[in-house]
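Structure first, then comments.
Each residue takes its place number in the sequence, starting with 1.
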Amino acid sequence: GVIVGPCDLAGQYGSLTNVMAPDLLEIIRDIAVRAKAAGKRAGLSFGDDRKQTLDTWFSLGIDMLSVAGDVHWLVEGGKRTLSVLQEAAQ
């Protein structure tokens with residue numbers, strides 16, 4: 001399969017701050033179509049886990065998403081642990 005990094009791709013096309021630019025979305029759709037035509041899966045790795053964004057990626061034919069990065073998960077895990085500790089201390 002293939003995994004697309006939309007921020008990396010956007011940077012290559014001079015649109016680093018707009019990964020949702022229509023021309024970039026069309027490139028991602030084309031990648032997904034070509035991957036499927038070759039019998040492969042099309043994946044995408046992106047840090048935005050909002051439903052609207054995820055729906056956009058799936059609508060383009062993306063089969064697999066890697067959402068958020070290690071820092072995001074570390075922060076969220078830290079928040080959860082802190083919450084549990086605060087509850088236990090009461």
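The side-chain heavy atoms of Val2 and Arg41, taken from C-beta on, include no pair separated by under 4.5 Å. Inter-residue side-chain proximity for Leu65 and Phe46 is flagged as unmet; no heavy-atom pair is nearer than 4.5 Å. You'll find the side chain of Thr53 stays beyond 4.5 Å of the side chain of Phe58, heavy atoms only. Within the 4.5 Å cutoff, the side chain of Leu24 has no heavy atoms near those of the Asn18 side chain. Between Leu44 and Ser66, the closest side-chain pair of non-hydrogen atoms is not below 4.5 Å. The closest side-chain heavy-atom distance from Gln12 to Asp8 is not below 4.5 Å.
Following chains of ILVMFWY side-chain contacts shorter than 4.5 Å, one cannot reach Ile3 starting from Val19, and the two form parts of different hydrophobic clusters. When hydrophobic clusters are built by joining Ile, Leu, Val, Met, Phe, Trp and Tyr residues whose side-chain heavy atoms come closer than 4.5 Å, directly or via intermediates, Val33 is not grouped with Leu25. By the rule that hydrophobic residues join a cluster once side-chain heavy atoms approach within less than 4.5 Å of another member, Ile28 and Tyr13 end up as members of one cluster.
Within 6.0 Å of atom CD in Glu76, more than 12 heavy atoms from other residues, nucleotides or ligands are found, so the atom counts as buried in its surroundings.
Atoms CZ and CZ, on Arg29 and Arg34 in that order, are 14.0 Å from each other to the nearest 0.5 Å. We find the CD-OG1 distance between Gln86 and Thr81 to be 11.0 Å, quoted to the nearest 0.5 Å.
Counting only distance, with no hydrogens or angles, the side chain of Lys36 and the backbone of Gly61 share a donor-acceptor pair below 3.5 Å. Formation of a donor-acceptor pair under 3.5 Å by the Ser83 side chain with backbone atoms of Lys79 is not found in this model. Judged by distance alone, with hydrogens and angles left aside, the side-chain atoms of Asp63 form a donor-acceptor pair with the main-chain N or O of Ala42 at under 3.5 Å.
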